[in-house]
Amino acid sequence: MIKVTLKDDVVKEFESGISAADAAKSLGMGLYKSACVCKVDGAVCDLRTVLDKDCHLEILTFDSNDGKKAFWHTTSHILAQAVKRLYPSAKFAIGPAIDSGFYYDFDVEKPFSPEELEKITAEMKKIVKEGFEVEKFMLPPDEAVKLLEDMDEPYKVELCREHSDKGEDISFYKQGEFTDLCAGPHLMSVSPVKAIKLTACTGAYWRGDSKNHQLCRVYGVSFPKASQLEEHLKMLEEAKLRDHNKIGRELEYFTTVDYVGQGLPVLLPKGARVIQLLQRWVEDVEQSKGCQLTKTPLLAKRDLYKISGHWDHYRDGMFVLGDADDETKECFALRPMTCPFQYQVFLNKQRSYRELPMRLTETSTLFRNEASGEMHGLIRVRQFTISEGHYIIRPDQLEEEFKGCMELAKYFLDTVGLLEDCTFRFSQWDPANPSNKYEGTAEQWEAAQAAMKRILDNIGLEYEIGFDEAAFYGPKLDIQYKNVFGKEDTIVTIQIDMLLAEKFGMYYVDKDGQKKLPYIIHRTSLGCFERTLAYMLEHFAGALPMWLMPEQVRVMPLSENLADKAKEIESKLLAAGIRVTTDLRSEKIGYKIREAQLEKIPYMLVIGNKEVEEGTVSVRSRKNVNLGAMPVEDFIKMAKDEIDSKKRD
RNA sequence: GCUGGAAUAACUCAGUUGGUAGAGUACCUCACUCGUAAUGAGGAAGUCGAGGGUUCAAGUCCCUUUUCCAGCUCCA
């Protein structure tokens, strides 16, 4: 007998050799039926796992993340089985579970059309009805490779060979006529997969390398119950309603124009206003924290980028004016970053250690010739504006200055409401990067990374490691944000650079009279303004905090003969610095309110005869609350408080 | 750059096997002068993204191209 510790520290005795599935059954048929996988002593594994010693056992259902992953992983096998039945010549690559479902990569002659996905879905449902048990078996490496060769699965053979180097037995999973190389874990049977939706069919490179053959990737999601699938699809629909690319256009923050070009959104007055407000705020706060504002050119001769290394590393990503290859003629390029421009400020004269840290910052417009398929609304564009700073510091100032950058970034992100959804990524180099991306010596890199690690650990920041995600000149702390569809991008980055100062000959004279090289921190304080606006539109579903709303208050007279009174109130608000308009149209009040609500105007002031007599305004907030009548002065005070506090809803 | 989908009035979308381009909203005009999410009537509005081709005839079929969307790759 073995002692098995269950949830809430309940201990139960079982016959040694019992499977986790049978243990679950003895705990209750309900649990057994909904069980997906289990955790034995903290490790996620199959319900097939045999328990032969005292252990902790946790049965996981679809409600847990690991349960979902197993459920979706098994669904990906059902997908592969269906594809094999309908397209026998299809070759299989990989088919994992992901955060929002699963995918499987196939090598087929022609990508599947939406109609073909329907057929595949129908076949999957048939397989589920057939109710195969999922069986696991192990083979020694050479036999495993042989089996896959016999199955004529070249991608699987490649994967298997890599695993077989370890010399361990290779696991396979089998359901009906279908067998797949797989580490698992999987459900016990295909039967629980009641509701399936294949969501997309796209291209994906084998092993994620664009030099490799492109495969056909089918994405999908599945649930134990049809109602859960419906709920999931409804949630996706609701996410679409927050999509900045939709509401940003509808609410007239930006638009795009065919003949302007990809990745070059046109900011409409509302979008321009929000970005102006963000910029002014960021510049003011930065200067109050000891930053000095610079204003440097938007383009330079190629010579500048040659010194910085950008010419060699990123020429393809730059907009070059002139013939890049003709060295006899002058050639310019629009700037893709501010670094080498801002360094000229430091280089303007000889610098003393007393002047450091020198914190330079600039509201900087950058140009990057992104590949044509990369552009996305305001999130990924070819021209954008960023608060880009370079702190030129003595080595002994690194920790404090880095922390200062962190605090500043956190303050900005928190104020605009995005911090709570941010994650942190410590982006490191890959010494073996095949395209030779990184400059500098291993010693310099290890030193910079060790310094950053020490700082991050001292702050107690939770972060993940981004291997091979560093800049070419140094490691980064990237603050990441996910859009409504779960796609992640960097919103803020703070980088340690121990290389570029030398390239530009940036020395300071130290206490001992010696010339020394400073360190440079590259940092953004609030990510690129366009991207930040996009995330804010999504986060607030268009209802930006009042201090950032292009229109903060709308005055609405009940009838046209109250127009004068309404204008009077408008001018009082204007005098108080509130952004206000008056709706003088001869429309019903319900109609005016509906429009203002749809435009997310924070406050609506209704003016009727009653208000005029009493000298008040009737205040309605966009949160669908009628706040009743109050003197105009009281409303102004309330509104100013909300604006000045940068309060969020 | 690659794979797939899409583009019809300002917006959201119909438009059958190729046969006279439609609706709702918005816009303009008029009437109504209104109490917290849509007053009524009328009017105007489209080179069917662009270029080429097939055809007696193309929004519809074919080719090229631009832009938008999803994914891959990339992201200083």
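Chain A is the first sequence line, chain B the second, and so forth, proteins listed ahead of strands; every chain is numbered from 1.
Base contact: Glu611(A) has a heavy atom under 4.0 Å from a base atom. Among the protein residues, Ala371(A) comes within range of the nucleic acid bases, having at least one heavy atom under 4.0 Å from a base atom. Nucleic acid contact for Glu250(A): none, since no nucleic acid atom lies under 4.0 Å from a heavy atom of the residue. Residue contacts shown for Gly377(A) are limited to sugar-phosphate atoms, with no base heavy atom under 4.0 Å away. Within the 4.0 angstrom heavy-atom criterion, base atoms lie near Arg620(A). At a threshold of 4.0 angstrom between heavy atoms, the contacts of Pro111(A) are confined to the sugar-phosphate backbone, with no base atom among them. Base contact: Gly608(A) has a heavy atom under 4.0 Å from a base atom. Residue Gln262(A) is in sugar-phosphate contact alone, with no base atom involved, counting any heavy-atom pair closer than 4.0 Å across all strands shown. Residue-level contact check: Tyr103(A) touches neither bases nor backbone, having no heavy atom under 4.0 Å from any strand. Nucleic acid contact class of Thr256(A) (heavy atoms, under 4.0 Å, all strands): sugar-phosphate only. Residue Lys610(A) is classed as a base contact, given a heavy-atom separation below 4.0 Å to a base. Residue Ser210(A) is in sugar-phosphate contact alone, with no base atom involved, counting any heavy-atom pair closer than 4.0 Å across all strands shown. Heavy atoms of Leu598(A) sit under 4.0 angstrom from at least one base atom.
We find that NZ of Lys482(A) is positioned 13 Å from P of G71(B), with the value rounded to whole Å. As rounded to whole Å, 11 Å separates atom C1' of C34(B) from atom CG of Asn609(A). Atom CD in Glu109(A) sits roughly 14 Å away from atom P in G4(B) (whole-Å rounding). Atom pair Ile589(A):CD1 and U33(B):C1' shows a separation of 12 Å (rounding to whole Å applied). Atom CZ in Arg382(A) sits roughly 13 Å away from atom C1' in C75(B) (whole-Å rounding). Rounded to whole angstrom, the span from the CZ atom of Phe319(A) across to the P atom of A76(B) amounts to 16 Å. Distance OH (Tyr603(A)) to P (U36(B)): 20 Å, rounded to an integer number of Å. The separation between Tyr259(A) atom OH and G51(B) atom P is 14 Å, rounded to whole Å.
Judged by distance alone with a 3.5 Å cut-off, no donor-acceptor contact links the side chain of Arg249(A) to the base of C68(B). A donor and an acceptor atom sit less than 3.5 Å apart, one in the side chain of Tyr205(A) and one in the base of G1(B). Interface remark: the Glu370(A) side chain does not form any donor-acceptor pair with the G1(B) base, using a distance-only criterion of under 3.5 Å.
Taking 4.0 angstrom as the limit, Lys476(A) places a side-chain polar atom (N or O) nearer than this to OP1 or OP2 of A76(B). The phosphate of A70(B) has OP1 or OP2 within less than 4.0 Å of a side-chain N or O from His376(A). Put simply, Ser372(A) has a side-chain N or O that comes within less than 4.0 Å of OP1 or OP2 on G1(B). Arg368(A) has no side-chain polar atom (N or O) that falls below the 4.0 Å cut-off from OP1 or OP2 of C74(B).
Straight-line distance between the P atoms of C74(B) and A58(B): roughly 46 Å, to the nearest whole Å. Nucleotides C32(B) and A45(B) place their P atoms 28 Å apart, quoted to the nearest Å. Comparing the P positions of G24(B) and A70(B) gives a spacing of 31 Å, expressed to the nearest Å.
The aromatic ring of Tyr219(A) does not stack onto the base of G71(B), failing the criterion of a centre distance under 5.5 Å from the six-membered base ring together with planes under 30° apart.
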Going through the checks in order, is the salt bridge (charged side-chain N to carboxylate O under 4.0 Å, His left out) test met by Arg207(A) and Asp209(A)?
-> CA-CA 5 Å; Arg207(A) 318 215 105 184; Asp209(A) 187 336; over 6 Å; no
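Of the candidate nucleotides G35(B), A76(B), C72(B), A76(B) has the atom nearest to the side chain of Gln495(A).
A donor-acceptor pair shorter than 3.5 Å can be found between the side chains of Ser387(A) and Glu286(A).
Comparing Gly208(A) and Asn626(A) by the nucleotide of RNA chain B whose heavy atom lies nearest to each, the residue mapping closer to the 5' end is Asn626(A). The 5' end of RNA chain B is approached more closely, in terms of each residue's nearest nucleotide, by Glu560(A) than by the other of Glu374(A) and Glu560(A).
Both tests hold for Arg335(A) against Phe341(A): distance to the six-membered ring centre under 6.0 Å, angle to the ring axis within 45°.
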